[in-house]
Amino acid sequence: MVVVCPRILPGCRLSQITRLLSTKAASVNGTKVEVLGREYTGDHMTNVTPHLLSHIGRDLHLQPHHPLRHVAQRVTQHMYRQYLSPRGNPLFSVHSQLHPVVTTHQNFDSLLIPKDHVSRKKSDNFYINETHLLRAHTSAHQSELISMGFDNFLVIGDVYRRDDIDASHYPVFHQLEGVRLCTLKELYGTHQNMDAYHLFENGERTEDHQGVHSAEAARRMEAELKGCLLGLATSLFGQDTEVRWVDAYFPFTHPSWELEVQINGEWVELLGCGIMEQEILANAGVQDKIGWAFGLGLERWAMKLYGIPDIRLFWSTDLGFLSQFRFDDPATPVTYKAVSKYNPCINDISFWLPKDQQYESADFYDLVRSVGGSLVEQVNLVDSFTHPKKQLTSHCYRIVYRHMERVLTQEEVNDVHRKIEQEAASSLQVSIR
Ligand code: PHE
């Protein structure tokens with residue numbers, strides 16, 4: 001289907017827009033906006049586009065072997081190991097499938113973001129309507145999860161911000177949020193004279209702590225938070241990585257910091273964090289705990305970890321990209337190798353499988369690799385059917401020929417392709433169609 005209007009412009013009536021493009025996951029149709037099975041009525045604030053909505057449901061962070069999932073798994077494993085219950089079970093729960101449409105209350109108000117704060121601007125967010133938007137950060141779920149009784153949790157998900165598109169910005173990216181609430185006992189351990197220890201006191205807000213927090217409780221939370229995050233950064237980027245803390249500001253934490261690491265001589269911001277504003281906890285019904293939170297961008301981590309040069313690559317369905325991350329242990333060290341800039345030559349090959357002999361696609365893949373060598377970038381099974389009368393199964397494979405350093409000529413490709421056909425016929429007993 002053709003996309004007529006790439007962006008629903010301010011002042012452009014929704015009803016003027018015919019059905020543009022829809023995926024199963026999300027669509028705009030007239031004034032109706034549907035996202036993952038939920039329906040909303042658009043209004044003057046609506047600025048989601050069919051193109052943007054087409055990203056919803058891709059769930060890159062949940063796709064097996066996707067680099068973003070590898071990073072999310074490594075962070076999760078670190079948190080699991082770091083915080084265990086007395087019986088040895090992980091304390092943190094993981095929420096990775098929360099609906100991406102949140103209310104303006106969740107995304108802003110629950111986090112004490114002022115009504116006139118710049119981050120609410122229509123030009124910076126994707127609004128579904130006046131009251132709903134695609135979450136701009138995973139922090140949007142903090143308050144609700146705390147109200148539900150969670151004390152230690154991670155939120156992993158896609159987030160949406162209107163921004164320029166370039167090698168390091170894309171309107172959809174992925175964040176991982178961590179929240180931990182501690183009681184007095186958890187923070188200080190059990191002592192004989194517990195009366196001497198406090199989480200709260202009536203004091204002045206300073207650079208180092210909120211007015212309601214005791215200086216000592218704030219100090220301990222800060223030490224725990226920073227220790228946990230330093231451990232995380234060095235376990236992923238290496239024990240010798242140079243790190244530094246930079247003071248920061250977020251409306252929902254105080255004090256707040258950013259963690260930077262030095263990679264190839266350049267300081268890179270890895271995450272934002274801080275001691276949660278006590279008012280957020282109080283509004284969520286928690287009186288006796290103090291909390292910390294952090295949020296990190298999975299793309300940023302994956303780009304630095306694997307040397308991926310462009311954020312748009314994460315959306316690639318090209319196996320030239322994806323196949324480089326096909327490993328089960330997320331801690332497998334890999335360095336991304338650029339997919340060739342030369343145009344691919346694509347040739348299909350179809351054959352009937354042998355009738356009374358075992359056939360495995362993997363054998364064909366091996367054969368293609370050994371005959372085609374470095375000329376072959378990818379091989380994929382694109383069609384399979386069984387002829388009802390002949391009782392024969394046919395497979396069609398698409399072979400992508402592409403060389404890293406030079407343009408391939410059609411003759412050269414045809415030559416290799418013919419060799420693959422001959423070799424398949426003779427060693428796998430298939431009959432070329
Ligand atoms: N939500 C913040 C962002 O998107 C990150 C953050 C999370 C900062 C939690 C502090 C605490 O930039």
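We count ligands from 1, going down the list as the structure has it; atoms in each ligand are counted the same way. Here, residue 1 is the first one in the sequence, and each next residue gets the next number.
Checked against the 6.0 Å centroid threshold, Y80 and H78 do not count as a close aromatic pair.
No side-chain N or O of E201 forms a donor-acceptor pair with one of H213 less than 3.5 Å apart.
Ion pair D158/R58 not flagged as a salt bridge, since none of the NZ, NE, NH1 or NH2 atoms sits closer than 4.0 Å to an Asp/Glu carboxylate oxygen.
Atom NE2 of H61 sits about 8.5 Å away from atom CG of L298, to the nearest 0.5 Å.
The residues lining ligand 1, counting any heavy atom closer than 4.0 Å, are H137, S139, R161, Q175, E177, F250, F252, T253, G272, C273, A293, F294, G295.
A pairwise comparison of heavy atoms in V35 and Y40 identifies CB-CE1, 4.3 Å as the closest pair.
Shown are R300, R69, E299, H66; of these, the side-chain contact (heavy atoms from CB on, under 4.5 Å) with H174 is made only by E299.
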